[in-house]
Each structure stands twice: as structure tokens, then as C-alpha cells.
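Quick caveat, the model's predicted, so the values are computed rather than measured. Here, residue 1 is the first one in the sequence, and each next residue gets the next number.
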Amino acid sequence: MKIAVTGKGGVGKTTLASTLARLFADEGRTVLAADVDPDANLGLALGLTEAEVNAIVPVSKMKELARERTAANASNTFYKLNPQVSDLPDKLAKEINGVRLLVMGTVDTGGAGCVCPEHVMLRALLSSLVLRKDDVVIMDMEAGLEHLGRGTASMMDQFIAVIEPGARSIQTYERICQLARDIGVTRVRVVGNKVRSEDDRGFLRARIPAEALLGFLSYNEEVIDADRRGLSPYDVSPKAVEEIRAIKAKLEAESA
């Protein structure tokens with residue numbers, strides 16, 4: 001199963017992505033979690049310490065590796081656009097609680113455009129992840145919508161938008177659907193997070209098609225406290241884990 005989780009910053013997509021990853025890993029599945037968010041906090045949510053997270057070099061910063069794989073010349077004016085990268089996830093990933101974490105990072109282009117060896121390698125690596133047979137791949141995508149323009153989620157089995165019960169989140173979901181169609185993603189699923197009441201559930205049900213709504217996650221002080229303390233929500237909030245377990249069961253039932 002290949003799952004991309006997206007949404008605006010702070011809506012809880014990393015909580016969903018990390019908990020799904022650990023639930024699959026608990027079953028003995030081979031799980032690769034890719035952090036494609038520039039804030040790169042998936043490692044903390046999986047259970048790494050701040051020091052361990054800070055010690056990880058994002059793939060996008062591995063300039064020598066990018067030059068090697070793309071066979072770039074000294075001035076980066078000529079290089080391969082389809083580098084061999086299928087071996088990199090196993091070489092570069094860091095294992096934590098049964099999940100292999102790959103921190104992708106982003107390419108700082110300084111306004112000069114985004115075509116460079118590092119960017120080419122990053123795109124090739126993202127594309128290669130969805131070809132990994134029998135692996136569970138969960139991508140915690142960058143906040144906002146820019147990644148959709150690059151088509152990095154076009155081959156995912158599930159594309160999940162995490163939203164909150166509010167008008168701005170509904171607008172974000174509608175914009176995601178519009179851009180997703182442009183890259184061939186015909187179905188965007190929704191998880192409503194930070195739900196406090198039946199009114200919140202009713203608000204989302206009235207605005208999200210029933211077939212798109214995967215479920216709800218409650219407003220949860222334990223999850224908020226885990227974020228403040230740099231802990232994995234999986235380890236501190238049984239309620240959040242059970243709610244996400246139900247979402248996982250629905251995903252698996254529909255893909256069976």
C-alpha cells in the first residue's frame with residue numbers, strides 16, 4: 001500500500017502518517033516512511049529524539065551523491081534526468097520502532113529555478129518509492145499544495161487530505177481535489193482532525209462527499225502534549241491510536 005498524506009501545516013497530517021506507519025510495522029509489514037515536509041518532524045512523531053532527528057542529513061542536501069547519481073559535470077549543466085536511485089531507500093533510511101524513515105528535504109533553488117541534480121534525484125527517488133513491491137510506503141507531504149504540481153503523488157494508492165472542521169480547511173480540500181485531478185489523481189480521501197463535537201462531525205459530513213470521508217480524529221490534549229515534548233503520539237495517546245487504527249482498517253478493507 002502506498003499512502004500520501006497532505007494538508008496545511010498544523011492540521012495533524014504527521015500524527016496520522018506516523019501512527020499509520022507504526023501500526024503497519026507492528027503487524028510485521030515492511031514500512032518506509034518518507035518525510036517530504038520541509039519542517040521534517042516525522043522522525044519525532046515516529047519516536048526519534050531531537051538529537052537523532054537533527055543528526056539526519058536530508059537527501060536533498062546530499063550534493064555529492066546527487067552529482068554521482070546524475071553524472072553531473074562540474075557546472076551542473078549536463079546530467080542524467082533518470083538516475084538510478086532504487087537502492088537508496090535501503091541505504092539511507094534510519095530505522096525506528098520498526099519503521100524505516102527517509103528524510104527527503106527540499107531543494108533550495110535561490111530563485112534560479114528547480115532543475116538541478118539534487119532536484120532530479122529527489123524526484124526520481126519519490127517516484128521509485130511507489131514501485132517498491134509489497135512495501136508499505138507512507139509519505140508525509142509538505143504543507144500546502146505545491147507538491148501536487150510536481151506529480152509526486154500521482155501513483156499513490158491512497159491520497160489523504162487531513163483537514164479541520166472549518167471553512168478554510170474545506171477550501172483547502174477543494175483546492176487539493178482540483179490540483180489532484182490535474183495530475184491524474186481522481187480520488188482524494190479526507191480525515192477530519194481536531195473534532196470536538198457532533199456539530200463538528202456534521203459540518204464535515206455536510207461538505208465532504210460520504211465516499212471521500214475516511215473518518216474523524218478527536219481533539220486530543222495528549223497528542224498536543226506529545227508534540228510539545230517531542231514524543232510519538234503512538235506512545236502517549238491510546239485514543240488517537242485506536243481512532244487511526246479504525247481508519248487503517250477502512251483503507252485495507254477498500255483495497256482488498
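- Val136 is not listed as a side-chain neighbour of Thr30, based on a closest heavy-atom distance of 4.5 Å or more.
- Both Leu213 and Ile176 belong to a single network of hydrophobic side chains, linked directly or stepwise wherever heavy atoms of I, L, V, M, F, W or Y lie under 4.5 Å apart.
- Under a hydrophobic clustering in which Ile, Leu, Val, Met, Phe, Trp and Tyr are joined whenever their side-chain heavy atoms come within less than 4.5 Å, directly or via other members, Val31 and Ile56 fall into the same cluster.
- Using a 4.5 Å cut-off on side-chain heavy atoms (C-beta onward), Val191 and Phe216 make no contact.
- Residues Leu217 and Lys194 form no side-chain contact, since every pair of their non-hydrogen atoms from C-beta on lies 4.5 Å or further apart.
- With Arg67 contributing its side chain and Asn73 its backbone, the two residues share a donor-acceptor pair below 3.5 Å.
- When all heavy atoms are compared, the tightest approach of Ala21 to Leu46 is CB-CD2, 4.1 Å.
- The closest donor-acceptor contact from the side chain of Arg132 to the backbone of Ser128 lies at 3.5 Å or more, if one exists at all.
- Ion pair Glu118/Arg123 not flagged as a salt bridge, since none of the NZ, NE, NH1 or NH2 atoms sits closer than 4.0 Å to an Asp/Glu carboxylate oxygen.
- A salt bridge is absent between Asp235 and Arg229: the closest approach of a Lys/Arg side-chain nitrogen to an acidic carboxylate oxygen does not fall below 4.0 angstrom.
- Of the inter-residue distances, the one linking Arg245 atom CZ with Leu20 atom CG reads 11.0 Å to the nearest 0.5 angstrom.
- By the criterion of side-chain heavy atoms lying less than 4.5 angstrom apart, applied directly or through intervening Ile, Leu, Val, Met, Phe, Trp or Tyr residues, Val223 is not grouped with Val5; the two fall into different hydrophobic clusters.
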Item to check | Trace of the side chain to side chain contact (heavy atoms under 4.5 Å, CB included) decision for Phe159 with Ile3 | outcome: CA-CA 6 Å; Phe159 190 42; Ile3 302 170; over 6 Å; no
Checklist entry - Could you walk me through whether Leu88 and Val59 pass the side chain to side chain contact (heavy atoms under 4.5 Å, CB included) check? => result CA-CA 9 Å; Leu88 292 183; Val59 175; 5.6 Å; no
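- Between the side chains of Ser232 and Arg22, a donor-acceptor pair is found at a separation under 3.5 Å.
- With contacts defined as side-chain heavy-atom distances shorter than 4.5 Å, the pair Val99/Leu32 does not qualify.
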Item to check | Lys248 and Glu27: CA distance, side-chain angles, deciding distance, salt bridge (charged side-chain N to carboxylate O under 4.0 Å, His left out) verdict | outcome: CA-CA 12 Å; Lys248 170 180 172 291; Glu27 296 175 349; 2.5 Å; yes
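- The OG1 atom of Thr70 sits 8.5 Å away from the NZ atom of Lys80 when rounded to the nearest 0.5 Å.
- Using a 3.5 Å distance cut-off with no hydrogens or angles, the side chains of Thr172 and Glu174 do not pair a donor with an acceptor.
- Two residues are said to be in side-chain contact when any heavy atoms from C-beta on lie closer than 4.5 Å; Ile163 and Val190 meet this criterion.
- Using a 4.5 Å heavy-atom cutoff, the side chains of Lys250 and Arg189 are in contact.
- Between Val162 and the choices Val11, Leu214, Thr6, the side chain to side chain contact (heavy atoms under 4.5 Å, CB included) rule is met once, by Val11.
- Residues Gly98 and Ala25 share a closest heavy-atom pair of O-CB, 3.6 Å.
- There is a path of hydrophobic side-chain contacts, each under 4.5 Å, that joins Val195 to Tyr173.
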Next on the checklist: For a salt bridge (charged side-chain N to carboxylate O under 4.0 Å, His left out) check, start with the C-alpha distance between Glu242 and Lys239, then their side-chain angles and the critical distance, and finish with the verdict.
Outcome noted: CA-CA 5 Å; Glu242 287 310 305; Lys239 181 178 181 180; over 6 Å; no
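- A distance-only check finds no donor-acceptor pair linking the side chain of Ser169 to the backbone of Pro165 [under 3.5 Å].
- Side-chain atoms of Ser237 never come within 3.5 Å of backbone atoms of Pro233 as a donor-acceptor pair (strictly under, hydrogens ignored).
- Contact check for Ile138 versus Lys2: no side-chain heavy atoms found under the 4.5 Å cut-off.
- When atom types are taken as modelled, the side chain of Gln84 and the backbone of Ser86 share a donor-acceptor pair closer than 3.5 angstrom.
- Side-chain atoms of Asp37 never come within 3.5 Å of backbone atoms of Asp140 as a donor-acceptor pair (strictly under, hydrogens ignored).
- Side-chain atoms of Asn220 come within 3.5 Å of backbone atoms of Glu222 as a donor-acceptor pair (strictly under, hydrogens ignored).
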Next on the checklist: Let's go through Met139 and Leu126 carefully: what are the C-alpha distance in whole Å and the side-chain angles of both, what is the deciding distance for side chain to side chain contact (heavy atoms under 4.5 Å, CB included) to 0.1 Å, and is it a yes or a no?
Outcome noted: CA-CA 9 Å; Met139 293 186 187; Leu126 282 169; 4.0 Å; yes
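- Using a 4.0 Å cut-off between charged side-chain N and carboxylate O, Glu95 and Arg100 make no salt bridge.
- Remark: the backbone N or O of Leu16 is not paired with any side-chain donor or acceptor of Thr19 at under 3.5 angstrom.
- Residues Met1 and Phe24 are in side-chain contact: their nearest non-hydrogen atoms beyond the backbone lie under 4.5 Å apart.
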Item to check | Full working for salt bridge (charged side-chain N to carboxylate O under 4.0 Å, His left out) between Asp200 and Arg205 | outcome: CA-CA 9 Å; Asp200 283 347; Arg205 288 193 181 104; over 6 Å; no
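- Heavy atoms only, all atoms of each residue included: Gly47 and Asn97 are closest at CA-ND2, 4.0 Å.
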Item to check | Worked verdict on Leu42 versus Leu101 for side chain to side chain contact (heavy atoms under 4.5 Å, CB included) | outcome: CA-CA 8 Å; Leu42 183 58; Leu101 171 67; 3.9 Å; yes
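- Following chains of ILVMFWY side-chain contacts shorter than 4.5 Å, one can reach Val241 starting from Leu44, so the two form part of one hydrophobic cluster.
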